[in-house]
Colleague: 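Here you go, one structure.
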There are 2 protein chains.
Amino acid sequence: MDGRPANDQTSPWMTFENRRRARDEKREAVLRTAVQLFLEQGYHRATLNEVAERLNITKPALYNYFRSKEDILFECWALGQEQVDGFIAAIDGSRQNGLGKLRALVHSYAETMATDFGASLVRFDPRDLSPANARTVRAAKRGIDQSFRRYITEGIADGSIKPCDPKMAAFAIAGSLNWIGHWYQRGGELTPDAIADDFAERLTEGLAAATSKRPAGRTSATKTKKSTAKAPTSRKKK
Amino acid sequence: MDGRPANDQTSPWMTFENRRRARDEKREAVLRTAVQLFLEQGYHRATLNEVAERLNITKPALYNYFRSKEDILFECWALGQEQVDGFIAAIDGSRQNGLGKLRALVHSYAETMATDFGASLVRFDPRDLSPANARTVRAAKRGIDQSFRRYITEGIADGSIKPCDPKMAAFAIAGSLNWIGHWYQRGGELTPDAIADDFAERLTEGLAAATSKRPAGRTSATKTKKSTAKAPTSRKKK
DNA sequence: GACTTATATTACTCACGGGTAAGAAAAAGT
DNA sequence: ACTTTTTCTTACCCGTGAGTAATATAAGTC
């Protein structure tokens, strides 16, 4: 795990690393607790006192790791955004047609919406952020929107998607996906995987060019790896 | 309008009516101002002081018309909900197949999302409401969801919609529509009408049964009659 | 004109929660 | 064992904004 050979147990560096890691773990624990509470009660109703309480510490202790409540909010958002940036980069670098990329994006985005940090992307209000952070968020949102439009435009160009208005199509698709963050809740009868599979198909079938509309054929390898997962309502629940 | 013959000009009743109307107009003015401010800044950042200021009065004056800030929030929501209840009742009473009803619902709902009170349906947080009011809101939301599912189920039964999972289809469609309330802004390049037309087609084309998929034909009178009849809010708009 | 009611204002209370100061407790370093 | 640094607690400050009390003003009524 640690790249460095641990031959020197008394090395201050080893300890330094450990301490930094311990600190980061605590920071993360704060964020996990905070994002849960913010989603549960809403940012304004959630108090730092309660965040601290759930971590068995007191409010001022939080200020060792974060500058302000707003800082915590922003970091929560940033963790979610990192996920999105990650899979958009992966899809950008993949070798498939526009429709395939769009499907992959829808699938990954849907899954992300079913996570706490993912939901924070759409359930947190940028107006609660400082102007500087709000700018960052706006830029990121624009980036996501542009990815949707880019894949659609690409798909139209390569013939996998039938001609349409990329802007409206992107709005419609992103709307469906973003809304997942509002209704999804763990433990319900719909699993993130089932939702992602369903939406990936549902939100793109209307755009697929007629030529690529084979009976049951999937256009890319995107789906193949989750062949097992298709059970839409595999509920253990009770 | 007034059932009573106004033969007696000094009648206290006439004056009473006028006063009640004046009062209602003021109430409405408060709500219009409040909903705007709540949407602009978010419920928690918006202060009653500023609502009052915009109306050229002072905060305590508001308490002549409303019991609390939460009361104002709820009334804003209720006005939006009234619109929705209105056109759902109209569609329910209309004589068309499931697909036609679904299209009509999508169209009307999209238009409503582009209004202040309509947007408040999805941008206000029910957790800001008293338990009693929150229950009302939840019930209404359930009602809307059920209308979507009902029309889809109806459509499957009458053959206008191809077999699918009504629950997921409703989620996907409602998500797209609700999201309008988050991105639409007056003065943009997209008019409410254009959005509604586009979404009514876009969100239902994937569900249409193959048999009813004619080149450019509309399945019913949904579109034709709505030019006139469908105006519950009959805005004269230029 | 008196008197009643509705409507508005000024001046205030008060709970709440983010944030800070000072210092204790624990850990790390020497 | 000592200092130093990091982490956390107790005790507090203080801005904010919803809501209220007391009162003035305007309108409607007799």
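In what follows, chains are A, B, ... by sequence order, proteins preceding strands, each numbered from 1.
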Colleague: Without decimals, in angstroms, what is the distance between A:Ile72 CD1 and C:dG17 C1'?
Modeller: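 Between C1' of C:dG17 and CD1 of A:Ile72: 13 Å.
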
Colleague: Starting the side chain at C-beta, find the nucleotide from C:dG19, C:dA21, C:dT9 nearest to A:Pro60.
Modeller: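 For A:Pro60, the side-chain atoms sit closest to C:dA21.
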
Colleague: With rounding to the nearest 0.5 angstrom, report the CZ to CZ distance, A:Phe117 to A:Phe124.
Modeller: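 Answer for the CZ-CZ pair, A:Phe117 versus A:Phe124, is 8.5 Å.
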
Colleague: Describe the nucleic acid contact of A:Tyr65 in one word from base, sugar-phosphate, nothing, applying a heavy-atom distance below 4.0 Å.
Modeller: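 Sugar-phosphate: the residue A:Tyr65, judged by heavy atoms under 4.0 Å, touches backbone atoms but no base.
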
Colleague: What is the distance from CD of B:Glu50 to P of D:dG17, rounded to the nearest Å?
Modeller: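 Rounded to the whole Å, the gap is 10 Å.
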
Colleague: Tell me if the centroids of the rings in A:Phe171 and B:Trp183 come within less than 6.0 Å of each other.
Modeller: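 They qualify: ring centres under 6.0 Å apart.
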
Colleague: Could you state the atom-to-atom distance from CD of B:Glu53 to P of C:dT10 in whole Å?
Modeller: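 Distance, rounded to whole Å: 12 Å.
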
Colleague: Within the pair B:Arg23 and C:dT7, is there a side-chain N or O less than 4.0 Å away from OP1 or OP2?
Modeller: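 For C:dT7, OP1 or OP2 has a side-chain N or O of B:Arg23 closer than 4.0 Å.
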
Colleague: Just by modelled atom types, is the B:Tyr43 backbone N or O under 3.5 Å from a matching donor or acceptor in the B:Lys69 side chain?
Modeller: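 Looks like yes, one N/O pair under 3.5 Å.
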
Colleague: Starting from P on D:dT9, measure out to CG on A:Asn49 and report it in whole angstrom.
Modeller: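 The answer, rounded to whole Å, is 12 Å.
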
Colleague: Can you check whether B:Thr58 has a side-chain N or O nearer than 4.0 Å to OP1 or OP2 of C:dT9?
Modeller: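 Checking C:dT9 against B:Thr58, a side-chain N or O does come within under 4.0 Å of OP1 or OP2.
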
Colleague: Starting from P on C:dT7, measure out to CZ on B:Arg27 and report it in whole angstrom.
Modeller: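 B:Arg27 atom CZ is separated from C:dT7 atom P by 12 Å.
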
Colleague: Give a yes or no on whether a donor-acceptor pair under 3.5 Å exists between the nucleobase atoms of C:dG19, that is its base, and the side chain of A:Lys59.
Modeller: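 Under the 3.5 Å cut-off, the side chain and the base do form a donor-acceptor pair.
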
Colleague: Any donor-acceptor pair under 3.5 Å linking the side chain of A:Arg123 with the backbone of A:His182?
Modeller: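 The answer is no, because no donor-acceptor pair under 3.5 Å joins these two groups.
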
Colleague: Would you mind reading off the distance between B:Arg45 atom CZ and D:dG15 atom C1', rounded to a whole angstrom?
Modeller: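 B:Arg45 atom CZ is separated from D:dG15 atom C1' by 17 Å.
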
Colleague: For A:Asn64 and C:dG19, what is the distance between atoms CG and P respectively, to the nearest whole Å?
Modeller: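 The distance from CG of A:Asn64 to P of C:dG19 comes to 15 Å, rounded to the nearest Å.
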
Colleague: Is it the case that the side chains of B:Thr153 and B:Arg150 hold a donor-acceptor pair, with the cut-off being a distance below 3.5 Å and no angle test?
Modeller: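 No pair is found: no donor N or O on one side chain lies under 3.5 Å from an acceptor on the other.
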
Colleague: Determine: side-chain N/O of A:Lys26 to OP1/OP2 of D:dC8, distance under 4.0 Å, yes or no.
Modeller: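 The answer is yes; a side-chain N or O of A:Lys26 sits under 4.0 Å from OP1 or OP2.
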
Colleague: Taking OH from B:Tyr63 and C1' from C:dC12, how many angstroms apart are they, rounded to a whole number?
Modeller: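 Result: 14 Å.
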
Colleague: Would you mind classifying the nucleic acid contact of A:Ala52 as base, sugar-phosphate or nothing, using non-hydrogen atoms under 4.0 angstrom?
Modeller: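 No contact.
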
